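What follows is a set of notes on a single structure, which appears directly below.
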Amino acid sequence: MKTKYWTYLIITVLGLLVVYMMYETFSQPGVADLEGHYQEISHARNENNTGPVVRVYAVYTSDQNWEEMKAYGDYMPHTKYGNTKVFFFDQDMEQLDLNLSLPFFDKKYQSSCLGVYEKSAMGEVSFKKNPFD
């Protein structure tokens, strides 16, 4: 009788622990939780899975909330020893071709670029407002 009690207690505690871990896993904040409107225009990534992974994103935003733009960049994927760049634009361009090296996009779009977020290979974050002014 006593062993049944302990068995049910342990199973209940483990079940509650699993439910709690699943809740914490699936309720993490993300891009959808930001107040502003963000729409990915284009992205590029090199196919190198063994060395540094380079990711470049172009994102349209309707407002200039710098803290949220930085938070958006923080939510973007990053690989250890890789580099992630996110360019924020105030115009929704239909076709923007991104490159993995300088210049990352056509110079005619530089005037529409509000800011650039970069996470370097060592995890250092930088955010520049109006980088082409």
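Nothing here was measured: the structure is a model prediction, and the numbers come from that model.
- Contact check for Phe87 versus Val59: no side-chain heavy atoms found under the 4.5 Å cut-off.
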### Query
When you look at Val86 and Tyr72, which way does the side-chain contact (heavy atoms from CB on, under 4.5 Å) test go after all the steps?
CA-CA 9 Å; Val86 182; Tyr72 184 95; 4.3 Å; yes
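- Taking the six-membered ring where the residue is Trp, Tyr38 and Phe88 present perpendicular rings, their angle passing 60° and hence far from 30°.
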### Message
ring pair (Phe, Tyr, Trp, His ring centres under 6.0 Å) for Phe89 and Tyr109? Distances and angles first, verdict last.
### Response
CA-CA 9 Å; Phe89 293 92; Tyr109 298 118; 7.0 Å; no
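- The list of salt bridge (charged side-chain N to carboxylate O under 4.0 Å, His left out) pairs with a residue in residues 118-128, not counting sequence neighbours, reads Lys85-Glu118.
- Side-chain contact between Met69 and Phe127 is present, with heavy atoms from C-beta onward closer than 4.5 Å.
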Using atom types as modelled, flag every donor-acceptor pair under 3.5 Å from a side chain in residues 7-14 to any protein atom, sequence neighbours excluded.
{"unit_1": "Thr7", "atom_1": "OG1", "unit_2": "Thr3", "atom_2": "O", "d": "2.6"}
{"unit_1": "Thr12", "atom_1": "OG1", "unit_2": "Tyr8", "atom_2": "O", "d": "2.7"}

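- In this structure the side chain of Glu40 reaches within 4.5 angstrom of the side chain of Met76, judged on heavy atoms.
- We find the CZ-CG distance between Phe104 and Asp97 to be 15.0 Å, quoted to the nearest 0.5 Å.
- Val56 pairs with exactly one of Asn46, Val116, Thr84, Leu98 by the side chain to side chain contact (heavy atoms under 4.5 Å, CB included) rule, that one being Leu98.
- When the side chain to side chain donor-acceptor pair (under 3.5 Å) test is applied to Tyr57, no partner is found at least two apart in sequence or on another chain.
- Judged by distance alone, with hydrogens and angles left aside, the side-chain atoms of His78 form no donor-acceptor pair with the main-chain N or O of Ala121 at under 3.5 Å.
- The salt bridge (charged side-chain N to carboxylate O under 4.0 Å, His left out) pairs that include a residue from residues 99-112 number zero, where partners must be two or more places apart or lie in different chains.
- The two residues Met21 and Thr25 come nearest to each other via the heavy atoms O-OG1, 2.7 Å.
- Under the ring-ring contact (aromatic ring centres under 6.0 Å, His included) criterion, Tyr60 pairs with His37, not counting sequence neighbours.
- The number of heavy-atom neighbours closer than 6.0 Å to CD of Glu35, taken from other residues, nucleotides and ligands shown, is 12 or below.
- There is no path of hydrophobic side-chain contacts, each under 4.5 Å, that joins Val53 to Tyr81.
- Between Arg55 and Thr79, the shortest heavy-atom distance links the atoms NH1-OG1, 2.8 Å.
- For residues 59-74, every residue pair satisfying the salt bridge (charged side-chain N to carboxylate O under 4.0 Å, His left out) rule, not counting sequence neighbours, is listed here: Lys70-Asp74.
- The shortest heavy-atom contact between Leu96 and Ala58 is CD2-CB, 3.4 Å.
- A distance of 7.0 Å separates CG in Leu114 from OG1 in Thr61, rounded to the nearest 0.5 Å.
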